[in-house]
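Chain letters run A, B, ... following the sequence lines, proteins first, then strands; residues in each count from 1.
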Amino acid sequence: MAALGAPGTSIQLDRPRDTSHGDLATNVALQLAKPLKRPPRELAETIIAHLEAPQGLVTRTEIAGPGFINFWLADAAVVEVLRDILAAGDSWGSSATGRGRRVNVEFVSANPTGPLHVGHGRGAALGDAIAALLEATGHDVVREFYVNDAGLQIERLAASLWARVQQAAGREAEIPEGGYHGAYLEQLARQLLEQEPTIAELPESEGLDRCRDAAVRTQREEQNRDLADFGVEFDVVYSESEVYRQDLLAETLAELDGRGLTYEQDGALWLKTSEYGDTKDRVLRKRDGSYTYFLPDIAYHRTKAQRGFDLAIDVWGADHHGYVPRMQAAMVALGQSPDFFHAVIVQLVRVMRHGAEVRFSKRSGDFVTLRDLYEETGVDAVRYFFLMRRGDSQFLFDIDLATKQSEENPVYYVQYAHTRMAGIFRTAGLEAAAISAEGADLSLLTEEIEQDLIKRLAGFPALVEKAAEAMEPHRIIAYLEEVSRLVNNWYHHHRVLGVGADLERARLVLARATQIVLASGLTLLGVTAPERM
RNA sequence: GCGCCCGUAGCUCAGGUGGAUAGAGCAUCGGCCUUCUAAGCCGAGGGUCCCAGGUUCGAGUCCUGGCGGGCGCACCA
């Protein structure tokens, strides 16, 4: 660069989309053309003339198009990565870029007022995969579920159940305004009455307490079962009632006040969120003296910092996206860095069944639950489907299609590629984990498809880092499908077993490396990597 | 009215943070099973990347303005 009169220029090497443009390419000549006032192709020639590449690494360079410089790597150099993959095994793809960073990933956090629906499922799949990606990049991750077990909704739930208990005892009672009509409360009421026949005689306030506890507990248990069967487990379940129990509201209020960020107006207490990017200030304490739901939420997120997390990620449904700026503002107001709080928005899932959109409403008691969905189509398929698309893209889950065509589901395509590798080892009587690259002559892997496949496998760790950084698990899916396409093609055209001892040995290494990458990728997504199908 | 997200093949969607001829799956059409699983492979057709300007050597990607869709705009949770 110095020879060109542009010392200190950083050269960025990219992997071209089109393999006919080489293994690596740089556009540096195009970028320098203007400041140096020289034609880009001429610059490219000068650059190549001054290039000092390690012996035997680059086999060919080319100036292409308007001035791209393309490089081809020697096959023998490409192939060496297979030894690293086999040596690393399951940890291939992991890195330490996030070491020392404590991350709290909060997701699902469904109100304990009913079973989980498909929208929660998308949040569960996404949150769990983001957590897995962060773990793979060395972060110290806690998966957290926040329970809104206090507040108006819960009071309505308790009142609804209490009414059901009264009805079950043969008394007149009505579900209150805005209450819950689902059949599960009738069932629970009968259950409570069976366990304790006199429960309906209790004074109302005591009855409501009992109903609240029973409803929240049974709903939480059911949600946990639904999630566990979906393959999602939480490290911490944090209750809103805990925020009240520890009197964190007053503490939080005092801290905000101490920073001079609150003021009274119209009899209410406001937080100056507009000073931190929100469109307007928000009320913390209403005119009637009660708190808004915003304050306990701030207090709760404040605990995440107090509990030692460096980063708090919330996976929220799109119906809450308008809430992001004020929470962001509140955290900054409390002295956190602007990137302490990060909301990942997941669009609501629309569900299509029998050609019509299924409307689900908790209060009417008519909805498609997450469990319904995965019992019908399988956990692997549902999780894969939820992660195929970016979280913020709206998408339509057609149950009939997912069920009817389950055999053509893309998840099976990737899993099948994995089982094919397992099948090779099974036929050869080999234990997959025992396959080693030691002493194998990998230079025999000269087929173009083999070289392409190896180059893709080599890119896995970088991809995991990017996907983790962007919190976008769907990138893993796109990658896995590409690797599967390559390996299925390879499998179809080239045999591994019975092609001569040395070549067989080399190809077993490639098959094993591919299996490792496919299994790692699927695991990150929470999808199984079966040995047989 | 204001804000956020989205608009890419018949359908569902990908397209690192601006690069070369815009991709996949499904659907359609045509080939391929005596060989490690055909849940597969090979090939074909299919595109005004919503529209109009702008920035740039280069725009699906960035900026502005429209149009269309979703969601949100409470001292409700």
_Does D297(A) contact A77(B) through a side-chain donor or acceptor facing the base, at a distance under 3.5 Å?_
no

*Please work out if A470(A) contacts a base, only the sugar-phosphate, or nothing of the nucleic acid, heavy-atom cut-off 4.0 Å.*
nothing

*Rounded distance in Å between the P positions of A24(B) and C41(B)*: 12 Å

_Just to be sure I understand the rule, does R532(A) reach a base, reach only the sugar-phosphate, or reach nothing, if contact means heavy atoms closer than 4.0 Å?_
base

*Assess the pair F341(A) and W316(A): is the distance between their ring centroids shorter than 6.0 Å?*
yes

*Should E472(A) and K466(A) count as an ion pair when the cut-off is N to O under 4.0 Å?*
no

_Classify D266(A) by what it touches in the nucleic acid, base, sugar-phosphate, or nothing, heavy-atom distance under 4.0 Å._
base

_Check this for me: does any side-chain nitrogen of one of R485(A) and E482(A) sit under 4.0 Å from a carboxylate oxygen of the other?_
no

*Give a yes or no on whether a donor-acceptor pair under 3.5 Å exists between the nucleobase atoms of G72(B), that is its base, and the side chain of H320(A).*
no

*Please measure how far the C1' atom in G60(B) lies from the corresponding atom in U21(B), and state the result in whole Å.*
15 Å

*Base, sugar-phosphate alone, or nothing: which one does H494(A) contact when heavy atoms must sit under 4.0 Å apart?*
base

*What integer distance in Å separates L271(A):CG from A74(B):C1'?*
17 Å

*Please tell me which of A64(A) and H493(A) maps to the more 5' nucleotide of RNA chain B, matching each residue to the nucleotide holding its nearest heavy atom.*
A64(A)

*What integer number of Å spans the C1' atoms of U28(B) and C5(B)?*
34 Å

*Comparing I69(A) and N148(A) on RNA chain B - which has the more 5′ nearest nucleotide*: I69(A)

